[in-house]
Amino acid sequence: MTDTISAGSKTNFIYTKIREDLEKGILKDRPVHTRFPPEPNGYLHIGHAKAILLNYGIALDFKGKFNLRFDDTNPIKEEQEFVDSIIEDIRWLGADWEDRLFFSSDYFEVKYQFACRLVEAGRAYVCDLNQEEIREYRGTLTEPGIESPYRNRSAAENLDLFERMRKGEFASGSRVLRAKIDMASGNLNMRDPVIYRILHSSHHRTGDKWCIYPMYDFDHPFSDCLEGITHSLCSIEYTDHRPLYDWIVDNAVELMPEAVKYRSRQTEFARLNMTYTVMSKRKLRRLVEEKHVAGWDDPRMPTIAGLRRRGMTPQAIADFQKRVGVSRADSTVDLALLEHCIRQELETTAPRLMAVLDPIKVVITNWPAGKTELCEMENIPGNKSAGTRQVPFSGEIYIERDDFMEEPPKKYFRLAPGREVRLKGAYVIKCEEAIKDADGNINELRCTYDEQTRSGADTSGKKIKGVIHWVSVEHSVKITANLYDTLFTVENPEEDSEVEFTGHINPQSLIVCNDVPAEPAVAEAAPESRFQFLRKAYFYLDPEASSEGKPVFNRIVQLRDSWAKMKK
RNA sequence: UGGGGCGUAGCCAAGCGGUAAGGCACGGGUCUUUGGAAUCCGCAUGCGUAGGUUCGAAUCCUACCGCCCCAGCCA
């Protein structure tokens with residue numbers, strides 16, 4: 001794994017641009033300063049993680065600063081609950097804003113003052129048109145807009161009206177403050193955009209202090225200026241807003257220079273999409289509300305909370321982000337890349353354990369009755385310091401049902417009638433008989449073991465190709481394993497115009513295995529720890545779902561399986 | 001049909017006039033008491049298309065094609 005959050009792909013266009021800015025000296029004495037500006041109206045997902053890690057990584061790489069600033073300018077949609085979950089998620093990811101946790105709402109007063117200066121300068125006006133009228137006056141994509149009849153009110157009248165808007169003299173939606181720019185612009189964002197609206201609504205932080213709230217296009221660039229943000233990164237759909245961003249910054253520099261720490265500039269990059277999932281807040285909400293998943297933190301969700309619950313690590317997500325890179329092109333990254341990142345980390349960090357997800361019993365007929373032997377096994381192969389453990393072996397064990405085949409195809413080298421296989425860390429056994437019930441189902445295998453083949457002390461000279469895992473029946477501990485798979489059956493659930501995305505939900509996205517026999521060491525597993533269940537998959541001990549003596553493991557990702565591929 | 005953005009391998013992505021990095025995926029070999037891991041090899045005479053400039057073009061010019069975004073008092 002490429003190490004930390006920083007030291008990412010240093011060849012992306014944003015890094016190039018920052019280096020150029022530094023060389024040109026346009027930052028003056030200021031450090032490179034980025035920010036992540038979430039709106040507290042929902043949960044963060046892995047697309048946000050890309051933005052967080054990019055912004056924070058830049059601060060680390062350029063020895064700059066990183067702010068966390070909540071964009072809380074719309075009291076109707078925002079809640080403290082989301083502020084809390086977002087903070088938790090960003091902390092978990094490892095981004096550090098030090099003492100710079102800010103809220104857009106912290107700056108409402110100075111923003112109001114700035115708006116007043118815009119009004120005084122004749123660059124903003126109070127408009128009495130209602131919402132529908134404003135839309136009509138705006139024109140269309142191909143036709144210019146027409147000017148509002150209120151566009152040329154005097155500065156004095158505008159100032160008076162704006163002050164009274166603040167005082168609460170007018171009803172919600174009855175008037176707005178608009179920037180006076182260009183109703184004929186080909187860029188709709190420049191057709192006298194609304195910058196303040198009346199909302200008689202209680203705000204999660206400012207309560208009822210305000211009844212007018214700034215719009216994003218006015219608020220964001222100004223907040224960036226106040227905080228001295230040098231590089232304001234956002235997603236590509238804001239490209240059209242950049243002229244307006246610059247308009248606000250230019251006016252701030254001219255009309256309120258004392259408040260501007262830096263002439264901030266916006267740079268856009270493509271947001272993250274991933275195969276086999278959806279990323280829009282709206283669609284994720286539907287998955288939750290329509291109960292396709294158990295909640296925002298369901299391990300099948302691409303939310304940070306879901307990934308955490310699945311057992312994903314922040315390091316793997318950071319590694320993923322770096323490997324994905326940053327560009328301006330629309331893209332959909334293969335889920336396989338994320339899986340590769342987490343597998344690579346867990347390969348060297350996750351202790352191994354044996355558990356049999358789909359068990360069939362094996363009776364070893366020549367094993368001395370009642371005898372138990374301890375087999376020493378490495379916790380992490382190739383890592384001596386991770387130590388070993390003793391795994392009890394006896395005459396009755398479980399193996400995976402698919403590690404036996406009555407009529408094996410070519411190249412199948414596990415157990416079959418008359419064939420031998422090694423039990424990992426123990427002995428070689430030979431299948432003598434498959435016991436069938438009345439319906440012809442095989443529910444038990446009779447085998448013999450070769451006592452010369454003891455692991456580490458094999459004197460038999462046998463070359464056994466197949467190695468399988470096992471659990472002693474008598475010593476087994478029962479656990480629950482949640483086998484998670486992709487939430488959707490198709491790479492892009494959104495591309496089909498005939499079928500809604502929910503129509504592609506994978507009915508097998510969660511298979512719950514109860515009473516899974518596992519080796520006794522599983523009882524000592526600590527909540528939130530990760531293991532490899534040998535030959536199967538990596539698992540995470542879910543602290544939410546587990547209870548005393550009832551451990552629940554979530555499958556993080558399967559091991560690569562070249563046998564499964566061969567079968568296709 | 002207005003404005004903006006983007007097209008380099010199956011998926012990401014470097015490249016900025018000197019002859020196509022890297023990763024994932026995929027295919028094959030070696031090794032292996034995890035069909036895991038490790039390791040080696042292969043994988044774009046080609047950069048949306050067509051012209052042009054140049055000794056030389058993915059990089060510059062022209063035209064065309066395709067995809068994405070914008071008409072919230074959301075962010």
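Here is the naming used below: chain letters follow the sequence lines, and residue numbers restart at 1 for every chain.
Across all strands shown, B:rG27 pairs with B:rC41; the Watson-Crick or G-U wobble distances both stay below 3.5 Å. The nucleotide B:rC60 finds its pairing partner in B:rG52, both defining distances of the Watson-Crick or G-U wobble pair being shorter than 3.5 Å. Remark: B:rC67 base-pairs with B:rG5. Criterion, Watson-Crick or G-U wobble with two distances under 3.5 Å. Shown here, B:rG35 forms no base pair; nothing in the strands shown gives a Watson-Crick or G-U wobble contact with both key distances under 3.5 Å.
Look at A:Ser455 and you won't find any side-chain N or O under 4.0 angstrom from OP1 or OP2 of B:rU33. Between A:Thr11 and B:rG15, a side-chain N or O to OP1/OP2 separation shorter than 4.0 Å is absent. Proximity of A:Lys465 to the phosphate of B:rU32: no side-chain N or O atom is located under 4.0 Å from OP1 or OP2. Checking the phosphate oxygens (OP1, OP2) of B:rG35, no side-chain nitrogen or oxygen of A:Arg414 falls inside 4.0 Å. For the pair A:Arg560 and B:rC26, the criterion of a side-chain N or O lying under 4.0 Å from OP1 or OP2 is met. In this model, the phosphate group of B:rG36 is approached by a side-chain N or O of A:Ser562 to a distance below 4.0 Å at OP1 or OP2. Between B:rC73 and A:Arg138, a contact under 4.0 Å exists linking OP1 or OP2 to a side-chain N or O. The side chain of A:Arg197 places an N or O atom within less than 4.0 Å of a non-bridging phosphate oxygen (OP1 or OP2) of B:rA75. Residue A:His340 has a polar side-chain atom (N or O) positioned under 4.0 Å from OP1 or OP2 of B:rC24.
Between the P atoms of B:rA20 and B:rA44, the separation comes to 12 Å (whole Å). Here the separation of B:rG27 from B:rU33, taken at their C1' atoms, is 27 Å to the nearest Å.
Base engagement by A:Phe413 is indicated by at least one non-hydrogen atom pair under 4.0 Å involving a base atom. No engagement by A:Tyr213 is indicated, since no non-hydrogen atom pair under 4.0 Å with the nucleic acid exists. Looking at heavy-atom distances under 4.0 Å, A:Gly425 makes contact with a base.
Base orientation of B:rG15: anti, since the glycosidic angle falls outside 90° of 0.
Along RNA chain B, the nucleotide nearest A:Pro38 and the nucleotide nearest A:Thr16 are compared for position; the residue whose nucleotide lies closer to the 5' end is A:Thr16. In this structure, A:Arg454 and A:Glu237 both approach RNA chain B, and ranking their closest nucleotides by distance from the 5' end singles out A:Arg454.
For A:Glu347 against B:rG36, a side-chain N or O and a base N or O form a donor-acceptor pair under 3.5 Å. Below the 3.5 angstrom threshold, one finds no donor paired with an acceptor across the side chain of A:Arg535 and the base of B:rU34. Not a single donor-acceptor contact under 3.5 angstrom links the side-chain atoms of A:Arg323 to the base of B:rG22.
For the ring-ring contact (aromatic ring centres under 6.0 Å, His included) with A:Phe393, the qualifying choice from A:Trp470, A:Tyr449, A:Tyr398 is A:Trp470, the only one to do so. Test A:Phe114, A:Tyr213, A:Phe108 against A:Phe218 for ring-ring contact (aromatic ring centres under 6.0 Å, His included) and you get one pass: A:Phe114.
Ion pair A:Lys283/A:Glu494 flagged as a salt bridge, since at least one NZ, NE, NH1 or NH2 atom sits closer than 4.0 Å to an Asp/Glu carboxylate oxygen.
Look at NZ on A:Lys565: it is 13 Å from C1' on B:rG28, rounded to the nearest Å. For the pair A:Leu335 CG and B:rC12 P, the interatomic distance rounds to 14 Å; values are reported in whole Å. Going from atom CG of A:Asp561 over to atom P of B:rU34 covers 15 Å, rounded to whole Å.
Comparing B:rA14, B:rU33, B:rA75 by their nearest atom to the side chain of A:Val467 picks out B:rU33. Checking B:rA14, B:rC73, B:rA75 against the side-chain heavy atoms of A:Ile134 singles out B:rC73 as nearest. Among the nucleotides B:rG35, B:rU33, B:rC12, the one closest to the side chain of A:Arg422 is B:rU33.
For the pair A:Leu233/A:Arg35, a side-chain contact is recorded, criterion being any heavy-atom separation below 4.5 Å from C-beta on.
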Dump the intermediate steps for ring pair (Phe, Tyr, Trp, His ring centres under 6.0 Å) on A:Phe531 and A:Phe539, then the final yes or no. CA-CA 5 Å; A:Phe531 300 91; A:Phe539 283 85; 9.6 Å; no
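Judged by a 6.0 Å distance limit and a 45° cone about the ring axis, A:Lys111 is not positioned over the six-membered ring of A:Phe222.
The aromatic rings of A:Trp296 and A:Tyr43 sit parallel to each other, their planes meeting at less than 30°, with 60° as the upper class boundary.
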